[in-house]
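Below: the structure, in structure tokens.
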Amino acid sequence: MGDNVVHLRKNTDPPPADNVTTLTVVPDPSAPAPVPLWVRSGRAVKRLATDERTTTAARAVARHSLYVVGGARIVARRTWDGRTAARYERYMRTAEAAGNMEAAAEWEERGQRYREARHRRRMDLLHSPLDAAKSVAVGTGMSIGVLVALGVVMAINTGRVGEVITPLSATIDFIALLIRIVQVVWGPALTIGPFLALLALWGVGRHQQAAPLWALPANVRNGEGEPITPSIVVKALRDLGVPALARAIKEMGDAGASMLGPIRIAGCGVEVDVTLPSGVSTNEVQSKRRKLAENLTRHEHEVFITIPQAARTVRLWIADSGALDEPIGPSPLVTDDTMTADYTKGKAPWGQDLRGDAASLSLYQRHLLITGLSNQGKTVALRSLALWLSLDKSVQFLMGDLKGVGDWAMFDGLATTLIQGPTDEHVIQVTEMVESAVDEMNRRIQAPPGTVFPPLIVLVDEAQVAFMCPAKDTEKRPYGGSKANSRYFMAVRKIHNQGRAVNVLMWQGTQDPTNENLPKLVREGAHTRASLALGTESQARMALGDKAVDGGAAPNLLRPGLDRGTLVVASDGITIPAGPSSITVRTHYIDDDDAEAITDRAKALRDGVTTLHAIERGEEHDPLGDIAAVVGNAPRVRTKDVLARLAARNADAYGGWSFIDLKRVLDDAGAEPYKSDGVMVVSRDRLTRALANRDDEGSASADG
């Protein structure tokens, strides 16, 4: 026992009287001192006070007590508004703060009419006691007379004179009975009445959540499932950090309620229009989307701000907490195996908008561009449109997949051409495929007026690979890039310029848009522009255009990975509410197996399509050498004659050439045609020099 000393002495039997066993305990100085009772009691009280059950019970007591206080305040204010002209004053100040002087004058006039009517009522009260006394006297006399007359009739009928006072006596007995009932009920009513009044005030306060935030239930304090009410929206706007807006709301007599339109249920959230007061611009609210969402106890991706047609108005769509993280249902293309498509009049079922309504897109004579960061669902979104359109047997497809991992393999046997692969050779093949579509477009344009052509969809996925391809052809023309001699760029531009009129349409999917991998003229040539999640606002402007972004489109605020398959669409082919220039669509996900099932149905509608996996090239030829050959030894030859000689030399290669084609080859080689005696001619000396320079460059390249 440490330093404690214990003395034990064994007794003998019988023990002597003074022989005892002694136990002595000496306390250890290093042992902790015993805790006083008052300290132990304080700790127990602290544990009790901080216990979760105690705090919950205390919060509940405070909450329900403050409901009564808050309800009394609300009822008092309502009563005051009903008995005075306070509400008219408040509405008038609100209209003045909003800069609406016409409405302010109207509310001032209404308030004046209310005061005049109240004054008349008060003047009438001065004469009402005398009028009431006269009315009571006249009414009492008439009632007694009627009762006596009734008694006389009864007396005549029965022959007993006493019946004359029977009606009067019965009336007096009835009044006495009512007095006795009141006497019996009055006491309990006085006792129960205050409790009923408190219960009514508690009900009003509970409905309006008229208690401090700390006293409210945990789910309300945390904002989980908190309903969107006018007061919450106004408070969120007031605390947005826009001084002019906060000041205007403070000056409004109705605390800003008149700014709000009706709060409407819209799909998995609510929608409300907010008319901003004078001096506050819509972009000031748009630029603070995250703070507004947090003020509304929502995440940033759960609040969308668009600009409707009304001036100085923003439209807020506020999702239910967590609703946008729930998947939408399967595509009708998967669930309805009898569905067909109509290119001209139909719309492709693409997904759902934020309101929960079906979002369908018309593809009729509209070039299409879908962009976004990698692995966000671009290919699936683009493919779902092609899957729907494949169910129209009149539609033809030319497809290039520059990713080459099999995302479009199910179109083998359905597309006329299907090129898959990421290399420069695949880019060359895809470029020649697009150029063949340009030739088909030109053939259709030259057809007799009124000729109807089947739709031809030229689809290139991962088009940024084509724009950034460094390869050049034998004439030193680059396949990629965005210059006037870029083959892929110019072919796309030609289809954008004239293809729509003859049903030759360009669809492209591309990643991470920049000016290098998605030239401005190409992206602006698309009628339907859609974007998944992007990194910056500048990329959003490239993808959708300035008008859509200024109107509230913000694909750069979508969450990469979490909002996979969610698109912001700018197009006249989809139903967009009046005002905004874009709409957010959550697209249906169609996996590879379901896609194959759909294309099998599409193939069954056709007689059979042989798919080419490479472009068939004709005999190789050298345009510059052929031009030199047809010019011969003449010092100069008219361009018209050169074109005729080239067509005679190789009709397949040069039969469709125009002056522009000839000039392009000569300009690139440095042998530009020029005017001589008023006509354009080709110079033999320039051709000889251009061929020599080309041979020198080829030799130097080989030596290197």
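Residue numbers count from 1 along this sequence.
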- Can we say Asp592 and Arg383 salt-bridge, meaning some charged N sits less than 4.0 Å from an Asp/Glu carboxylate O? yes
- Would a distance-only check, ignoring hydrogens and angles, find a side-chain to backbone donor-acceptor pair under 3.5 Å from Arg529 to Ala543? yes
- Closest contact, heavy atoms only, Leu385 versus Ala348: CD2-CB, 3.8 Å
- Query: Do the side chains of Gln539 and Ser531 get nearer than 4.5 Å, heavy atoms only?
  - Reply: no
- Query: Backbone N or O of Tyr343 within a donor-acceptor pair of the Asp392 side chain at under 3.5 Å?
  - Reply: yes
- Message: Between Phe304 and Arg289, does the side-chain contact (heavy atoms from CB on, under 4.5 Å) criterion hold? Intermediate values first, please.
- Response: CA-CA 8 Å; Phe304 288 80; Arg289 175 182 172 185; 3.8 Å; yes
- Message: A side-chain contact here means heavy atoms from C-beta on lying under 4.5 Å apart; do Gln511 and Glu462 qualify?
- Response: yes
- Message: Other residues, nucleotides and ligands only: do more than 12 of their heavy atoms fall within 6.0 Å of CG on Asp677?
- Response: no
- Message: With a 3.5 Å distance limit and no angle check, can you tell me whether Thr371 reaches the backbone of Thr510 through a side-chain donor-acceptor pair?
- Response: yes
- More than 12 heavy atoms of other residues, nucleotides or ligands under 6.0 Å from NZ of Lys663: is that the case? no
- Query: Is a side-chain N or O of Lys603 found less than 3.5 angstrom from the main chain of Asp412, in a donor-acceptor match?
  - Reply: yes
- What is the distance from atom CD1 of Ile419 to atom CE of Met433, rounded to the nearest 0.5 Å? 5.5 Å
- Considering residues at least two apart in sequence or located in another chain, which fulfil the side chain to side chain donor-acceptor pair (under 3.5 Å) criterion with Trp408? Asp461
- Task: Looking only at non-hydrogen atoms, find the nearest pair between Asp668 and Arg477 and report the distance.
- Result: OD2-CG, 3.6 Å
- Message: I'd like to know whether Asn556 forms a side-chain contact (heavy atoms from CB on, under 4.5 Å) with Thr536, so could you lay out the CA-CA distance, the side-chain angles of the two residues, the decisive distance to 0.1 Å, and finally the verdict.
- Response: CA-CA 5 Å; Asn556 53 300; Thr536 64; 5.6 Å; no
- Note on the structure: Residues Val631 and Arg684: closest non-hydrogen pair is CG1-CB, 4.1 Å
- Show your reasoning for whether side-chain contact (heavy atoms from CB on, under 4.5 Å) applies to Tyr479 and Asp424. CA-CA 9 Å; Tyr479 287 93; Asp424 288 350; over 6 Å; no
- Query: Any ion pair linking Glu435 and Lys494 (charged N to carboxylate O, less than 4.0 Å)?
  - Reply: no
- Value for SG (Cys469) from CD (Gln464), rounded to nearest 0.5 Å, stands at 12.0 Å
- Is the number of heavy atoms from other residues, nucleotides or ligands within 6.0 Å of CZ (Arg638) greater than 12? no
- Message: Which heavy atom of Arg586 sits nearest to which heavy atom of Ile328, and what is that distance?
- Response: O-CD1, 2.9 Å
- Item | Pair Arg664 + Asp661: basic N to acidic O under 4.0 Å | yes
- Query: Is it the case that more than 12 heavy atoms not belonging to Lys403 sit under 6.0 Å from its NZ atom?
  - Reply: yes
- For the pair Val522 and Phe467, evaluate side-chain contact (heavy atoms from CB on, under 4.5 Å) and give the outcome as yes or no after the intermediate values. CA-CA 10 Å; Val522 170; Phe467 284 114; 3.8 Å; yes
- Message: Does any part of the side chain of Ile307, heavy atoms only, come nearer than 4.5 Å to the side chain of Gln286, both counted from C-beta?
- Response: yes
- Ignoring hydrogens and angles, tell me if any N or O in the side chain of Asn503 forms a donor-acceptor pair with the backbone of Phe453 under 3.5 Å. yes
- Item | Sidechain-backbone polar pair: His613 side chain, Leu418 backbone, donor-acceptor under 3.5 Å | yes
- Message: Main chain of Thr306, side chain of Arg315: is a donor-acceptor contact present, judged purely on distance under 3.5 Å?
- Response: no
- Item | More than 12 heavy atoms from other groups under 6.0 Å of CZ on Arg606 | yes
- Once the angle between the rings of His496 and His367 is folded into 0 to 90°, is it parallel (under 30°), tilted (30 to 60°) or perpendicular (over 60°)? tilted
- Would you check if Leu687 and Leu666 make a side-chain contact, meaning some heavy-atom pair closer than 4.5 Å? yes
- Query: So do Ser571 and Leu361 actually touch side chain to side chain, heavy atoms under 4.5 Å?
  - Reply: yes
- Query: Which heavy-atom pair separates Ile590 from Ser384 by the least distance, and what is that distance?
  - Reply: CD1-CB, 3.9 Å
- Query: Would a distance-only check, ignoring hydrogens and angles, find a side-chain to backbone donor-acceptor pair under 3.5 Å from Thr587 to Gly565?
  - Reply: yes
- Item | For the student: nearest non-hydrogen atoms of Pro555 and Ala540, plus distance | CG-CB, 3.7 Å
- When you check the gap from the basic side-chain N to the acidic O, do Lys288 and Glu284 get nearer than 4.0 Å? no
- Task: Let me see the working for Asn283 and Ser281 under side chain to side chain donor-acceptor pair (under 3.5 Å), right down to the final yes or no.
- Result: CA-CA 6 Å; Asn283 63 349; Ser281 62; 2.4 Å; yes
- So, Arg564 side chain and Asn375 main chain: donor-acceptor pair closer than 3.5 Å or not? yes
- pair Val465-Val427: side-chain heavy atoms closer than 4.5 Å: yes
- Query: Taking side chain as C-beta onward, heavy atoms only, is Leu558 less than 4.5 Å from Leu532?
  - Reply: no
- Query: Are Glu475 and Pro623 side-chain neighbours, meaning at least one heavy-atom pair lies under 4.5 Å?
  - Reply: yes
- Spell out, as yes or no, whether a donor-acceptor pair under 3.5 Å connects the side chain of Arg645 to the backbone of Val630. yes
- Does NZ in Lys393 sit with more than 12 non-hydrogen atoms of other residues, nucleotides or ligands closer than 6.0 Å? no
